[in-house]
2 protein chains.
Amino acid sequence: MKLISGKIVERLARYRTFLTEQAPGHRTHLFSHEIAAAMRTADSQVRRDLMAIGTQGVPRHGYEVDALMEKLDQALCLDRTHAVAVVGAGHLGRALIAFLEASRSTLCIKAAFDTDPATFGRVYSGVKCHSMASLEAVTAREGITLAILCVPASAAQGAADQLVGAGIRGILNFAPVALRVPVNVALEELVITTYLEKLAYFTTHPSKERRNGRHEER
Amino acid sequence: MKLISGKIVERLARYRTFLTEQAPGHRTHLFSHEIAAAMRTADSQVRRDLMAIGTQGVPRHGYEVDALMEKLDQALCLDRTHAVAVVGAGHLGRALIAFLEASRSTLCIKAAFDTDPATFGRVYSGVKCHSMASLEAVTAREGITLAILCVPASAAQGAADQLVGAGIRGILNFAPVALRVPVNVALEELVITTYLEKLAYFTTHPSKERRNGRHEER
DNA sequence: TCTTCTGTGTGATTCCGATCACAAAGAAGA
DNA sequence: TCTTCTTTGTGATCGGAATCACACAGAAGA
């Protein structure tokens, strides 16, 4: 299977959550236009995306839900587990731990890290918090490949460097700083204020509708 | 000033946080290539974006930081305040309140809402929590136009409907559900697992670098 | 078995965003 | 003042993503 573009991967991930959200076994088949309606895209878009992962549908019946889920898991590499670390056990970090642990999946939080000694050894939602000094050791021991970064902006780059040094492969950054990481480390910037500001812009403008990437209105 | 595309708005917001992050008054002027380097884009991209909001630079000197900030605030409508509500005062909701209140800006959280009676009347990081029943009244009283939605997936659509009914103009959704809202309400879906899954995909693939939208590697 | 009708698979096209490349501006130095 | 050199502003170009449009598949019903 060839490499899929980021845009498509993102939509595939969304289709997947949509499917899991549907009552399991409620419908054995779904039409592309049904998925499209839920996702606010065109049906042809959905078909194209599903084609990219080699899914087959049947005319007049649509796509078989179970087979589709399997293909999606496989394409998104969610058929194996991924060990995740949360760096920064402040409010946001702990909230994310609780949030992600609740939605049990193959993305499994294995450890938290912080600089505050008061947090060392504490357990949040079943996840133990370690000192930043032990990051490399714990990461290696637990086989952690992904990190969620929710430290203050001033500490973000330093923490990122440390993560890269520890061999992390991907970082999800919540700190309002544009991080610099090597090319071989995947980086996803999720600065919340950015999206709030985007909302502020589109709500205060007498805008005709506008649709793109993440921003959708209807 | 004409309507700016979502992509550009997003980058403008990022330029803005980059500028605020710079020591104020440290440099009076910045070159497009300096901003570009920090943002991991091309300098021509930065110039194009700044052109879209009518900023003027001077050859050999770059862009004046203060003037640029002013233009950005104006373009992004951040020169007026926007009242924001947080719906769902669980871990995530409270973390976001703390996080956003810390970074004081013109985006100001005015109220929180929850269904749990235990939260009614409580104050989190200076923000008072109300019952969902009082949503419409409080929203109107406080002039709230934006909402951050962090309720469980099952409650998300209902809460969204209520928000729309209360006249909210934009929703930032953290619940893993594709919401349906009227066209005139701006919607930004920020489902965290989606981005984690995207990371999982790109870290487990022997991918050549790939760059697009939010996903950037270097 | 044959026809019909609905939904898939996909080439063709359109649209939009990013990049390139270069002319114009204008500060610095002679 | 004139030349030089760097950075801006922007038309032109490129590429990729979304949309369109339609041939094809095949289930349902006669």
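Chain identifiers are assigned alphabetically (A, B, ...) following the order of the sequence lines, protein sequences preceding nucleic acid strands; residue numbering begins at 1 within each chain.
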It should be established whether [X] places a side-chain nitrogen or oxygen under 4.0 Å from OP1 or OP2 of nucleotide [N].
X: B:S32; N: D:dT8; answer: yes
X: A:S5; N: D:dA17; answer: yes
X: A:R11; N: D:dA17; answer: no
X: A:Q56; N: C:dG9; answer: yes

Interatomic distance where [atom1] belongs to [X] and [atom2] belongs to [N] [whole Å]:
X: A:R47; N: C:dG7; atom1: CZ; atom2: P; result: 10 Å
X: B:I4; N: C:dA18; atom1: CD1; atom2: P; result: 14 Å
X: A:Q45; N: C:dG9; atom1: CD; atom2: P; result: 15 Å
X: A:I8; N: D:dA18; atom1: CD1; atom2: P; result: 7 Å
X: A:H29; N: D:dA27; atom1: NE2; atom2: P; result: 11 Å
X: B:K7; N: C:dT19; atom1: NZ; atom2: C1'; result: 14 Å
X: B:E64; N: D:dT8; atom1: CD; atom2: C1'; result: 16 Å
X: A:D43; N: C:dT6; atom1: CG; atom2: P; result: 15 Å

For this session: Answer yes or no: are there more than 12 heavy-atom neighbours, outside A:E142 itself, under 6.0 Å from its atom CD?
Result: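 Counting other residues, nucleotides and ligands, CD of A:E142 exceeds 12 neighbours.
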Exercise. Would one find more than 12 heavy atoms of other residues, nucleotides or ligands at under 6.0 Å from atom CD of A:E70?
Worked result: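 Atom CD in A:E70 is not packed in, count stays at 12 or less.
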Seminar exercise, completed: Taking for B:L30 and for B:R48 the nucleotide of DNA chain D with the nearest heavy atom, the one nearer the 5' end belongs to B:L30
Exercise. Does the side chain of B:D79 come within less than 4.5 Å of B:T106's, by heavy atoms?
Worked result: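 They are not in contact (no side-chain heavy atoms under 4.5 Å apart), so the answer is no.
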Exercise. Taking atom types as modelled, is there a side-chain donor on B:T145 or B:R169 under 3.5 Å from an acceptor on the other?
Worked result: no
For this session: Could you tell me whether A:E189 and B:R14 have a side-chain N and a carboxylate O separated by less than 4.0 Å?
Result: no
Problem set entry | Nearest-0.5 Å distance, CG of residue B:L68 to NZ of residue B:K71 | 10.0 Å
For this session: Name all residues meeting the salt bridge (charged side-chain N to carboxylate O under 4.0 Å, His left out) criterion together with A:R16; count only those two or more places apart in sequence or in a different chain, and write none if there are none.
Result: A:D73, B:E197
Close N or O pairs between protein and nucleotides 27-30 of chain C (under 3.5 Å):
residue, atom, partner, partner atom, Å
C:dA27, O3', B:H61, NE2, 3.3

